[in-house]
**Student:** 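Handing you this structure, nothing more for now.
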Amino acid sequence: LPCGRRSSIKAHCTELTTFWQVLRLLLAPLWEALILLDRLLFLTEKGYPAALIPLFDPSISPRNYALVAFTVVIIHKGPL
């Protein structure tokens with residue numbers, strides 16, 4: 001390829017790479033939120049009390065949620 005064509009292809013590849021990186025950065029929080037909600041709904045549908053709890057300020061990191069679920073244990077003392 002002539003030198004001018006190579007630089008044109010390289011510039012185009014750089015633009016495409018930048019586009020995909022920006023798209024990924026924009027969509028990543030959405031996908032992460034959907035995954036957390038899916039897991040939360042799964043647990044609640046199975047009967048476990050569950051909640052998403054923010055652990056710290058989201059400006060520090062957007063991954064600041066903890067998915068907390070509980071299981072209920074019933075202990076029988078005596079004959080059934």
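Just so you know, residue 1 is the first one in the sequence shown, and it goes up from there.
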**Student:** Consider only side-chain heavy atoms of I, L, V, M, F, W and Y, link residues closer than 4.5 Å, and tell whether Tyr48 and Leu37 are in one cluster.
**Tutor:** yes

**Student:** Looking at CG of Leu52 and CG of Leu40, how far apart are the two atoms once the value is rounded to the nearest 0.5 Å?
**Tutor:** 5.0 Å

**Student:** Could you state the interatomic distance from CG (Leu41) to OG1 (Thr44), rounded to the nearest 0.5 Å?
**Tutor:** 5.0 Å

**Student:** Check for me, please, whether Phe19 and Leu27 land in the same ILVMFWY cluster - side-chain distances under 4.5 Å, paths through other members count.
**Tutor:** yes

**Student:** To check you understand the geometry: which heavy-atom pair defines the closest contact between Asp57 and Asn64, and what is its length?
**Tutor:** C-ND2, 4.2 Å

**Student:** Considering only heavy atoms from C-beta outward, does the side chain of Thr17 approach that of Gln21 to under 4.5 Å?
**Tutor:** yes

**Student:** Is it the case that one hydrophobic cluster holds both Trp20 and Trp31, taking links as side-chain heavy atoms less than 4.5 Å apart, direct or via other members?
**Tutor:** yes

**Student:** Which residue in the set Leu55, Ile53, Leu36 passes side-chain contact (heavy atoms from CB on, under 4.5 Å) when paired with Tyr65?
**Tutor:** Leu36

